[in-house]
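One-based numbering, in listed order, for ligands and for the atoms of each. Throughout, numbering of the chain's residues begins at 1 and tracks the sequence. It should be emphasised that the depicted structure is a prediction, and the values quoted were computed from it without experimental measurement.
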Amino acid sequence: MPFKPDEFKHVDFLWDDHIADQLDLVERLRYRSNILGADQRITNTGGGNTSSKIKMADPLSGEDVDVLWVKGSGGDLRTSTRANFASLYMDKFLSLENIYNKSEIKGVKTEIEDSMVDRYRHTTFGLNPAASSIDTPLHGLIPFRHVDHMHPISAIAIAASRDQEGLTAEVFGGEVGWVPWQRPGFDLGLVMRQKLKENPNLKGLIMGQHGLINWADDDKACYELTLSLIERAARYIEQHDRGEKTFGRQKYKSLGKDARTEILVKLLPVLRGKVSQTSRFIGTVHATESVLQFVNSVDAPRLAEIGTSCPDHFLRTKIKPLYVDWNPQGESYESLVGKLETGLAAYRADYAAYYEACKHPDSPPMRDPNPTVILIPGLGLIAWGKTKSESRVTAEFYSLAIEVMRASEAISQYQGLPRQEAFDIEYWLLEEAKLKRMPPEKEMARNVLVVIGAGSGIGKAVAHRVAKEGAHVVCADLSEETAQQTADELVKLYGMGIGMAGTGLSSCGPAIGLGVDITERESIRRMLEKVILAYGGVDNIIVTAGIFVPPDKQGNIPDEKWALTYAINVTGPYLVADEAKKIWQAQGLKTSLVITTSANGAVAKQGSVAYDTSKAAANHMVRELAIELAPLVRVNGLAPATVVEGSSMFPRDRVISSLTKYNIVFDESESTESLREKLALFYAQRTLTKSPITLADQAEVAYLLSSSKFSKTTGQIISVDGGLHEAFLR
Ligand SMILES: [Zn+2]
């Protein structure tokens with residue numbers, strides 16, 4: 001019996017007839033999927049799938065045929081569109097059973113079972129390019145019109161308990177059956193259909209160590225049933241909650257916010273360096289109350305060792321996390337680092353042993369043996385992934401696994417998946433094929449790149465350029481507002497911003513915006529600390545911030561303007577390098593620093609003595625820093641000349657005074673950008689290449705100097721000035 005909409009306490013009832021009734025049946029499926037995926041208690045990001053069997057006119061015959069619309073491979077239910085659903089002729093799909101049955105060797109994990117996935121494509125209705133997932137038979141073989149397969153915490157808790165079959169009966173009183181763990185595929189579909197044949201009253205099944213599947217002939221009824229089953233399981237778990245005794249009581253206390261931040265800021269770069277020896281990782285820290293209750297508990301070491309249960313979870317979290325038994329109240333930071341080092345070495349050895357013990361002759365080679373989840377009492381959970389979004393999802397999955405363990409230990413005893421089964425999912429050839437189909441990683445992938453001056457001009461162009469190459473871009477600027485604007489543009493282009501609990505940052509996806517005053521060491525330090533908390537470390541830095549103060553009408557530069565010119569153009573990049581040095585050394589990963597100088601650093605001329613000498617000093621600082629920071633950090637200079645386009649160093653009055661100085665005809669009513677263009681064309685004529693120099697030209701070289709393409713170049717100044725022979729370096 002389903003609950004009424006206002007009776008749900010553990011899930012959000014979101015179905016709205018006003019919306020659903022406007023939609024065709026495929027769109028209703030999309031709608032149902034979106035509202036199911038919107039609640040993490042119902043299913044995890046990217047997890048679960050839904051289907052509807054819909055009568056449609058066959059484009060070949062015009063006759064009505066049954067079409068199975070089922071959530072395809074990849075993507076997320078919450079954000080799914082129609083394009084994420086595969087469509088299969090039901091009769092053709094069902095005919096595949098003949099091929100399956102004819103095979104002499106069949107059953108779970110056989111070649112014929114894996115080969116079925118490729119055959120689904122041959123049953124496509126309506127030239128739909130969406131790829132069917134391995135879960136397709138779970139939907140196609142259930143003889144009901146609508147099927148939901150979810151990974152709800154409360155259902156997985158039952159499915160991951162020692163007496164899962166008995167608990168299923170106790171919680172659902174016979175309305176829901178149980179099937180033991182089996183790797184998803186055609187055979188599991190057959191097993192489920194058989195269960196339903198034996199007991200036609202079943203409304204759903206608990207899938208051992210995995211999740212929930214249920215069905216109905218009406219789509220809204222299917223949605224209500226899904227929520228009701230989850231609600232019922234959650235209520236049962238709530239009644240058995242162990243309160244203070246959860247996870248065998250608390251062994252350690254959490255650190256206060258300031259103490260936590262202080263340790264994390266020191267620890268994360270060290271840790272990132274240690275887990276990134278094979279390839280770089282981006283970090284996410286989770287320290288919700290629930291996570292802290294787990295990591296601080298007596299049972300944490302035992303439960304962590306059992307590992308995660310739901311296959312969806314452990315593909316990201318690995319078979320188990322690394323738990324570090326450190327007493328936040330009684331032990332020092334140094335002891336934490338020591339324990340992490342030993343823990344990591346043991347973890348890697350253990351992972352290699354697991355691979356050796358479980359591998360098959362055709363298994364893919366061993367993957368990176370470092371943990372993706374690290375648990376530390378007092379601090380919380382630190383997750384690692386190749387992107388921010390991946391590490392965030394990994395953190396989310398382990399947080400869900402903690403909820404599963406909490407519930408399972410309340411009603412029974414938590415059980416992991418047998419090691420071999422875990423291995424056969426992790427190293428499944430179908431998963432490997434999926435990984436191989438992914439496009440190669442971009443040049444700046446896995447890099448945290450800070451652009452200082454990203455609010456406008458060259459810095460903004462650089463931020464866009466490196467984001468296109470896959471970098472995680474920290475847009476920093478004296479104006480936090482313009483920095484945030486650039487970050488927002490990047491997030492819009494390259495991914496969703498994601499709220500980051502505990503960092504004080506509202507969003508943290510492929511880019512963040514931060515304010516910084518590079519004339520203040522403290523301001524730089526605070527900015528870099530935020531970067532560490534957001535991404536786990538810092539790689540490349542590109543400084544484009546600079547200032548040009550024109551002399552007054554008498555040709556004088558006031559003392560304070562002289563000092564400001566040096567503070568921003570020379571001392572600023574030095575302080576940035578000096579503060580970043582500590583982080584780079586803690587990480588121990590090779591990286592680069594690019595400082596924007598100027599062609600003026602080599603050309604003496606009238607009227608810009610402060611600017612020109614400051615840039616000459618910056619040029620030499622590049623060489624000094626290259627020596628000081630070798631071999632860890634390459635340091636190079638980018639020397640632009642007269643980039644007038646969109647430059648904050650060419651405000652309208654400076655452009656007008658230059659145009660006047662060079663006797664160039666212009667109209668006062670022209671826009672600033674059009675005046676800048678005139679000036680740029682004039683400057684271009686003074687160069688050897690005779691073409692105006694753009695922001696994109698500068699951004700390209702800043703990117704290249706940071707990239708591996710220039711991995712053998714350090715201590716150099718690269719001019720991007722169109723060719724000014726008087727600026728040739730000697
Ligand atoms: Zn599943």
Side-chain angles (χ1 to χ4, degrees), residues 32-33 36-37 39-51 68 70-78 80 84-86 108-109 113-114 116-117 120 131-142 146-161 164 168 176-193 195 204-215 222 225-226 229-230 233 307-317 319 393-394 396-398 400-401 403-404 408 415-418 421-422 424-426 428 430-431 434:
R32 182 173 111 226
S33 309
L36 284 168
D39 190 339
Q40 285 210 343
R41 295 165 299 180
I42 295 176
T43 205
N44 56 299
T45 303
N49 29 63
T50 48
S51 68
L68 169 64
V70 57
K71 164 75 175 37
S73 193
D76 181 38
L77 285 178
R78 182 177 65 85
S80 279
N84 291 100
F85 291 85
V108 65
K109 297 187 201 168
E113 194 192 43
D114 276 4
M116 299 306 270
V117 177
Y120 301 148
S132 301
S133 86
I134 47 166
D135 284 350
T136 304
L138 275 49
H139 295 264
L141 293 172
I142 297 287
H146 306 279
V147 179
D148 288 343
H149 162 51
M150 300 289 124
H151 299 153
I153 293 165
S154 56
I156 304 175
I158 294 170
S161 287
Q164 38 187 282
T168 304
V176 175
W178 172 82
V179 286
W181 159 257
Q182 180 172 326
R183 193 169 80 177
F186 203 78
D187 204 69
L188 182 57
L190 293 172
V191 168
M192 289 177 163
R193 191 182 63 185
K195 272 270 165 190
L205 291 164
I206 288 284
M207 302 159 69
Q209 307 293 139
H210 182 161
L212 174 69
I213 189 164
N214 52 269
W215 45 79
C222 187
L225 177 65
T226 303
L229 296 177
I230 298 169
T308 34
S309 173
C310 181
D312 249 41
H313 292 174
F314 72 65
L315 276 176
R316 294 291 184 92
T317 63
I319 178 162
V393 171
T394 300
E396 173 203 314
F397 282 11
Y398 200 79
L400 293 176
E403 294 313 311
V404 167
S408 173
Q415 212 179 27
L417 204 58
E421 289 299 320
D424 290 345
I425 289 271
E426 192 179 347
W428 195 351
L430 288 177
E431 285 292 337
K434 232 196 267 179

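- Residues satisfying the side-chain hydrogen bond (donor to acceptor under 3.5 Å, both in side chains) criterion with N214, sequence neighbours excluded, are T226.
- Contact between G177 and T168 at its shortest, heavy atoms only, is O-CG2, 3.5 Å.
- Near the Zn ion (ligand 1), less than 2.8 Å away, sit the protein N, O or S atoms H149 NE2, H151 NE2, H210 NE2.
- H210 and W181 have tilted rings, their planes meeting at an angle from 30° to 60° on a 0 to 90° scale.
- For the residue pair S51 / H139, a side-chain donor-acceptor distance below 3.5 Å is found, with atom types taken as modelled.
- K109 pairs by the side-chain hydrogen bond (donor to acceptor under 3.5 Å, both in side chains) definition with E421, D424, not counting sequence neighbours.
- Qualifying side-chain contact (heavy atoms from CB on, under 4.5 Å) partners for D76, counting only residues two or more places apart in sequence or in other chains: T45, R78, T79.
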